[in-house]
Number of protein chains: 2
Amino acid sequence: MAVLEDRGHRSTAPRRAIIRFLQGKQEGFTAEEIGRELPDVGRATIFRTVKLLLKAGVICRLNLPDGAPKYSLSRVEHHHHTVCVRCGNVGEFRAATIERLMRAIGGDIPGEAVGHRIELHIICNQCLLEADSR
Amino acid sequence: MAVLEDRGHRSTAPRRAIIRFLQGKQEGFTAEEIGRELPDVGRATIFRTVKLLLKAGVICRLNLPDGAPKYSLSRVEHHHHTVCVRCGNVGEFRAATIERLMRAIGGDIPGEAVGHRIELHIICNQCLLEADSR
DNA sequence: CGAGATACCGATACTCAGTATCAATGAACC
DNA sequence: GGTTCATTGATACTGAGTATCGGTATCTCG
Ligand SMILES: [Zn+2]
Ligand SMILES: [Zn+2]
Ligand SMILES: [Zn+2]
Ligand SMILES: [Zn+2]
């Protein structure tokens, strides 16, 4: 995980700490959450590093309808997100059919298509279970 | 456009002003933009009314990667947005194929699909023209 | 290794979108 | 017209993110 070095950035203790932290995380996390777990790292540095990692494509940001944006390790190249509307947990999915369809729609629309972003809103299995058992 | 009255809200001067303003708008607009055009309406009231109109389905919010969220009159029932990555202008589109596909994908994914949100990132014709003429 | 250039750091103060509070107002209903 | 209570605007606040800046650590090169 020498993404930053590869891009000409320095390897520093705060950056290593942040990268190590988010490698462990399976779910999405907020910037504030990183700060809580790494109290020795300054707030500004957290936002700076998150921005670097975004640009490097290591993580992706998810702007949810309310609440702070969530970040998540991006495990595969191009992908989209599932978001549980109850608990806010974030997952990833990929579907070649979508990509093909979005390319087709891009052709039908005035202007030049350059990308897209898709969110699938779900109620995750865990939340379904909790709802049942109540 | 008696959306608010229909939902049991009162018809007040600020609310009428805001609704009149955004009926004229073809493109997306920000909350701050409303305030600039309606300086007599208090800031809090603008946000309050925007929230009401969101809940009523009259407008929709678009959380762009950076910058303030944009709102736009929602002209048709269920739709998705095109966003120009240069100028930020917002459009709407609909495609039955997408809806069918998203339903199918929802079935393949753990949890219960309850909705989705799709953004098509484009460079709009106007921005393409400007780029050419330079 | 040692020195110099400079990227990076944390603390702090700031911006900007949105929200809570609250006294005053004015719709709605009779 | 009078009562009620939703709504208003001013103001103060929150919370995410950014600018600034003096000090520090990393890199590079000799
Ligand atoms: Zn992702
Ligand atoms: Zn895609
Ligand atoms: Zn819309
Ligand atoms: Zn454009």
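Just so it is clear, the values below take in all heavy atoms, side chains as well, and ignore hydrogens, waters and symmetry mates. Letters go in sequence order (proteins before strands), and every chain restarts at 1. These numbers were taken from a predicted model, which means no experiment stands behind them.
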Tell me the interatomic distance from [X], atom [atom1], to [N], atom [atom2], rounded to whole angstroms.
X	N	atom1	atom2	answer
A:R16	C:dA7	CZ	P	18 Å
B:K70	C:dG18	NZ	C1'	19 Å
A:E5	D:dA25	CD	P	18 Å
B:R61	C:dA17	CZ	P	14 Å
A:F47	D:dG15	CZ	P	12 Å
A:N63	D:dG17	CG	C1'	13 Å
A:L53	C:dC8	CG	P	12 Å
B:R36	C:dA17	CZ	P	10 Å

Which residues share a side-chain contact (heavy atoms from CB on, under 4.5 Å) with B:L38, sequence neighbours left out: B:A17, B:I18, B:F21, B:I34, B:V41
B:A95: partners by side-chain contact (heavy atoms from CB on, under 4.5 Å), with sequence neighbours left out: A:I105, B:T97, B:I98
Residue pairs involving residues 13-25 of chain B (criterion salt bridge (charged side-chain N to carboxylate O under 4.0 Å, His left out); sequence neighbours excluded): B:K25-B:E27, B:K25-B:E33
Give every pair of a protein N or O atom and an N or O atom of nucleotides 28-30 of chain D that lie under 3.5 Å apart, one pair per line with the distance.
none

Letter per nucleotide, 5' to 3', of nucleotides 6-13 of chain D [B base touched, S only sugar-phosphate touched, - untouched; heavy atoms, 4.0 Å]: BSBB----
Heavy-atom closest pair, residues B:Y71 and B:V50: CE2-CG1, 3.4 Å
Residue pairs, two or more places apart or on separate chains, that pass ring pair (Phe, Tyr, Trp, His ring centres under 6.0 Å) and touch residues 101-122 of chain B: B:H78-B:H116, B:H80-B:H116
Side chain to side chain donor-acceptor pair (under 3.5 Å) against B:S72, all qualifying residues, sequence neighbours excluded: none
Set of residues satisfying side chain to side chain donor-acceptor pair (under 3.5 Å) with respect to B:R117, sequence neighbours excluded: none
B:K51 side chain near C:dT19 phosphate (N/O to OP1/OP2, under 4.0 Å): yes
Same cluster (ILVMFWY, side-chain, under 4.5 Å), A:L101 and B:I109: yes
Pairs touching residues 35-44 of chain B that satisfy side chain to side chain donor-acceptor pair (under 3.5 Å), sequence neighbours left out: B:E32-B:R36
With B:H79 via ring pair (Phe, Tyr, Trp, His ring centres under 6.0 Å) - residues at least two apart: B:H81
Exercise answer: donor-acceptor pairs, residues 51-65 of chain A side-chain atoms, under 3.5 Å, sequence neighbours excluded:
none

Nucleotide of D:dC27, D:dA16, C:dG18 approaching A:S11 most closely (side-chain heavy atoms): D:dC27
Degree of bending, the helix from C:dC1-D:dG30 to C:dC30-D:dG1 (end axes from five pairs; round to 10°): 40°
